[in-house]
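Convention: sequence-line order gives letters A, B, ...; per-chain numbering from 1. Scope of the values below: all heavy atoms of this structure, side chains included, with no hydrogens, waters or symmetry mates.
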2 protein chains.
Amino acid sequence: MPPRSYVSPARSAAAAETRERVIEAASRTLREGESIARFSLDSVAKAAGVTRLTVYNQFGSRRGLLEAVFDEIARHGGLHQLADAMTMADPRAALDRMVEIFCTFWSRDSAVGRLHDAMATDPEFAEAIRERNERRRRGLTALIDRIADKGASPQARKDAVDLIFALTSYPTFASLSAGRSRDEVCRVVQRACRAALAPLSNPSS
Amino acid sequence: MPPRSYVSPARSAAAAETRERVIEAASRTLREGESIARFSLDSVAKAAGVTRLTVYNQFGSRRGLLEAVFDEIARHGGLHQLADAMTMADPRAALDRMVEIFCTFWSRDSAVGRLHDAMATDPEFAEAIRERNERRRRGLTALIDRIADKGASPQARKDAVDLIFALTSYPTFASLSAGRSRDEVCRVVQRACRAALAPLSNPSS
DNA sequence: TATTGACTATACATTATGTATATCTAATTT
DNA sequence: AAATTAGATATACATAATGTATAGTCAATA
């Protein structure tokens, strides 16, 4: 006799709600905690009012929970505005806008800093975050191709992409954030990114 | 009766030797290991042919060992050349040289990458490494003051210092190292640092 | 009314860091 | 030569974290 199975609206809704509650508790714990070292599934479970095993049941592992938190932050981080930015007529203005969007993203929820810390101890989590960052690199590549002169070498384009990728990364943002507001950091990064475009302009044109 | 104590040349020499052996084993373990998560005092002790307690006896804690490894790498990393670089007549050439020295430093021993990873999980270790990096910022500040025009604002100087500080940091080096040789990374960073000096030049002069 | 899905309770295995105590051995001191 | 001392070892223990296993609870569903 095959086991009869069913989908339960009320059940899955309740499960989704606890899932949200755990993610919320996790990001709160990340925000308030001193370091990622203090981030334990035990504390998260307690903060969410569930058992540690419920966390495993929902996310499979510590890594799964961290990825879910990152995805939640990304969902509410304003990255959807990138689509509009990329279609701007002036690619240099689009780059400025892209920097602005990412500065806002990195500063919106301080839990992202802790998530980047988690990359250090969990290579697979690091890879997952890197994959999510590759979208930034692809957008950047398209933008650079629009900005670069015909004569600009592939190497010069690659250099510009990778340099701006590094400039718009979280570590750079965090480094410049000491003693600066989000907008001030944004302006500094924008200037540096514009300067990184110089080698793409053919002096003969 | 007060306990008589003495210093033993043979003893302290042997202790220093085991200390060196443990540091060597630790940096080797960091280099060869997949991630900092796998770095345990147990494995280091085994690799060094001593007991885990000997490691505690010599370094006090995991953090102490990591700091000792960093200091050992710094001693052999060529940072002493900074003194010569800073006294160069042309401050822009000095900056180029400084970038070169740090690119060499970051690339010399891949254990430095793992040590930076360790900063994520141990705030006090992170602080210790940051203090060691402040020397770079101070040198940079002095250099920028020599390069900047009289009219350059303090804010513009600070921006240049912090931006170049970020550009010469390990995370930037690591990010640009994907698919690039040390020298190639060096050239990219040098260009970016030179570009960061532009706002310091008074256009009226 | 029987079954199923999400969560709970409890227990266990494993791995790390860090501390405590007693012991061993070779280098020094008296 | 004998006592002592510094460094290393052996063994044990406390604590905390991840992850797995097994059985039980309870409301939603068939």
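We find that A:Glu24 and A:Arg21 are not joined by a salt bridge, their nearest charged nitrogen and carboxylate oxygen being 4.0 Å or further apart. With respect to A:Arg132 and A:Glu67, a salt bridge is recorded, a charged nitrogen being found less than 4.0 Å from a carboxylate O. With respect to the salt-bridge test (charged N to carboxylate O, under 4.0 angstrom), the residues A:Arg187 and A:Glu184 do not qualify.
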Practice prompt. Go through the steps for A:Val22 and A:Gln58 under the test side chain to side chain contact (heavy atoms under 4.5 Å, CB included), then give the verdict.
Written response: CA-CA 9 Å; A:Val22 172; A:Gln58 281 289 341; 5.8 Å; no
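For the pair B:Lys46 NZ and D:dA8 C1', the computed distance is 18 Å after rounding to whole Å. Per the geometry, CZ belonging to A:Phe125 stands 14 Å off P belonging to D:dT18, to the nearest Å. The interatomic distance linking B:Phe59 (CZ) with C:dG18 (P) rounds to 14 Å, in whole Å. Distance A:Asp122 CG to D:dT18 P: 12 Å, rounded to the nearest Å. Protein atom OH of B:Tyr56 is 13 Å distant from nucleotide atom C1' of C:dA20, rounded to whole Å. One interatomic measurement links the two molecules: CD of A:Glu17 to P of D:dA28, which rounds to 14 Å at whole-angstrom precision.
By the side-chain contact (heavy atoms from CB on, under 4.5 Å) test, A:Thr29 pairs with A:Phe39, A:Ser43, A:Val44, A:Ala47, sequence neighbours left out.
Within residues 26-43 of chain B, the residues approaching DNA chain C are B:Phe39, B:Ser40, B:Leu41, by heavy-atom distance under 4.0 Å.
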Between the protein and nucleotides 6-12 of chain C, which nitrogen or oxygen pairs come in under 3.5 angstrom?
residue	atom	partner	partner atom	Å
C:dC7	OP1	A:Thr18	OG1	2.4
C:dC7	OP2	A:Gln58	NE2	3.2
C:dT8	OP2	A:Thr51	N	3.0
C:dT8	OP2	A:Thr51	OG1	3.1
C:dT8	OP2	A:Thr54	OG1	2.2
C:dT8	O5'	A:Thr51	OG1	3.1

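The closest donor-acceptor contact from the side chain of B:Trp106 to the backbone of B:Arg182 lies at 3.5 Å or more, if one exists at all.
Ring pair B:Phe105/B:Phe102 is perpendicular by interplanar angle, where above 60° counts as perpendicular and below 30° as parallel.
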Which pairs of donor and acceptor atoms, one on a side chain in residues 112-121 of chain A, lie under 3.5 Å apart (sequence neighbours left out)?
residue	atom	partner	partner atom	Å
A:Arg114	NH1	A:Leu30	O	3.3
A:Arg114	NH1	A:Gly33	O	2.8
A:His116	ND1	A:Val112	O	3.0
A:Thr121	OG1	A:Ala118	O	3.3

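Stem regions annotated for DNA chain D: C:1-30 with D:1-30, counting only runs of 3 or more consecutive pairs of Watson-Crick or G-U type with both contacts under 3.5 Å.
Applying the side-chain hydrogen bond (donor to acceptor under 3.5 Å, both in side chains) test to every pair with at least one member in residues 157-167 of chain B, sequence neighbours left out, gives these pairs: A:Arg180-B:Asp159, A:Arg180-B:Asp162, A:Arg191-B:Asp159, B:Arg137-B:Asp162, B:Asp145-B:Arg157, B:Gln155-B:Asp159, B:Lys158-B:Asp162.
Between A:Leu41 and A:Tyr56 there is a side-chain heavy-atom pair separated by less than 4.5 Å.
More than 12 heavy atoms of other residues, nucleotides or ligands lie within 6.0 Å of CZ in B:Arg31, so this atom counts as buried by the packing criterion.
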